[in-house]
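The next block holds one structure in the form of structure tokens; read it before the comments.
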Amino acid sequence: MTSTTDTEAAALGYEQARDELIEVVRRLEAGGTTLEESLALWERGEELAAACRRWLDGARARLDAALAEPDAEDADADADAEDS
């Protein structure tokens, strides 16, 4: 089951999710929160980390695809040269 906060985290841009995650970590490290608040912060941090991971995985896939394109073009050019 996807919670509203999961959906909200997924809708954030990478920089927004990263900045909020930094703030969550800062608050957890500072202490002074109740157990319930700490658990809520932890859960939010996990959601934000997952959103960042999805953004980075998507960026990696786009880079890999872009880097693979010239290789495919080079292979086509080599094949055309061999046919000549």
Side-chain angles (χ1 to χ4, degrees):
M1 179 176 185
T2 303
S3 72
T4 302
T5 54
D6 286 339
T7 305
E8 291 170 2
L12 293 175
Y14 172 76
E15 290 81 6
Q16 293 169 308
R18 181 202 59 213
D19 291 346
E20 188 177 341
L21 179 57
I22 290 168
E23 179 61 20
V24 166
V25 170
R26 186 196 63 72
R27 288 182 60 194
L28 284 168
E29 288 178 341
T33 57
T34 66
L35 177 60
E36 190 62 34
E37 291 168 332
S38 294
L39 287 172
L41 285 168
W42 179 270
E43 290 169 347
R44 182 62 177 166
E46 289 290 332
E47 294 163 0
L48 293 164
C52 288
R53 197 172 310 112
R54 284 189 297 274
W55 273 105
L56 292 173
D57 289 345
R60 168 55 67 192
R62 289 175 62 190
L63 285 171
D64 289 344
L67 291 172
E69 285 178 13
D71 291 342
E73 290 172 8
D74 290 343
D76 289 342
D78 290 343
D80 289 342
E82 289 176 8
D83 291 339
S84 300

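Everything quoted here is computed from the prediction, not taken from an experiment.
- The number of heavy atoms from other shown groups lying within 6.0 Å of CZ (R18) is above 12.
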Listing, residues 31-38 side-chain donor-acceptor contacts under 3.5 Å, not counting sequence neighbours, or none:
| from | atom 1 | to | atom 2 | distance (Å) |
| --- | --- | --- | --- | --- |
| T33 | OG1 | S38 | OG | 2.6 |
| T34 | OG1 | E37 | N | 3.0 |
| T34 | OG1 | E37 | OE1 | 3.3 |
| E37 | OE1 | T34 | N | 2.8 |
| S38 | OG | T34 | O | 3.0 |

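- Other residues sharing a hydrophobic cluster with Y14 under the 4.5 Å side-chain heavy-atom criterion for ILVMFWY residues are W55, L56.
- Applying the side-chain hydrogen bond (donor to acceptor under 3.5 Å, both in side chains) criterion to E43, with sequence neighbours excluded, gives no partner residue.
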Practice item. Test E29 against R26 for salt bridge (Lys or Arg N to Asp or Glu O under 4.0 Å), laying out the working first. Key: CA-CA 5 Å; E29 288 178 341; R26 186 196 63 72; over 6 Å; no

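- Here Q16 pairs with nothing under the side-chain hydrogen bond (donor to acceptor under 3.5 Å, both in side chains) rule; sequence neighbours left out.
- Classification of E47 and R44 as a salt-bridged pair holds, one side-chain N sitting under 4.0 Å from a carboxylate O.
- Grouped by direct or indirect side-chain proximity (heavy atoms under 4.5 Å, Ile/Leu/Val/Met/Phe/Trp/Tyr only), L12 sits with L21, V24, V25, L28, L41, W42, L48.
- Residues passing the salt bridge (Lys or Arg N to Asp or Glu O under 4.0 Å) test with R60 are D64, sequence neighbours excluded.
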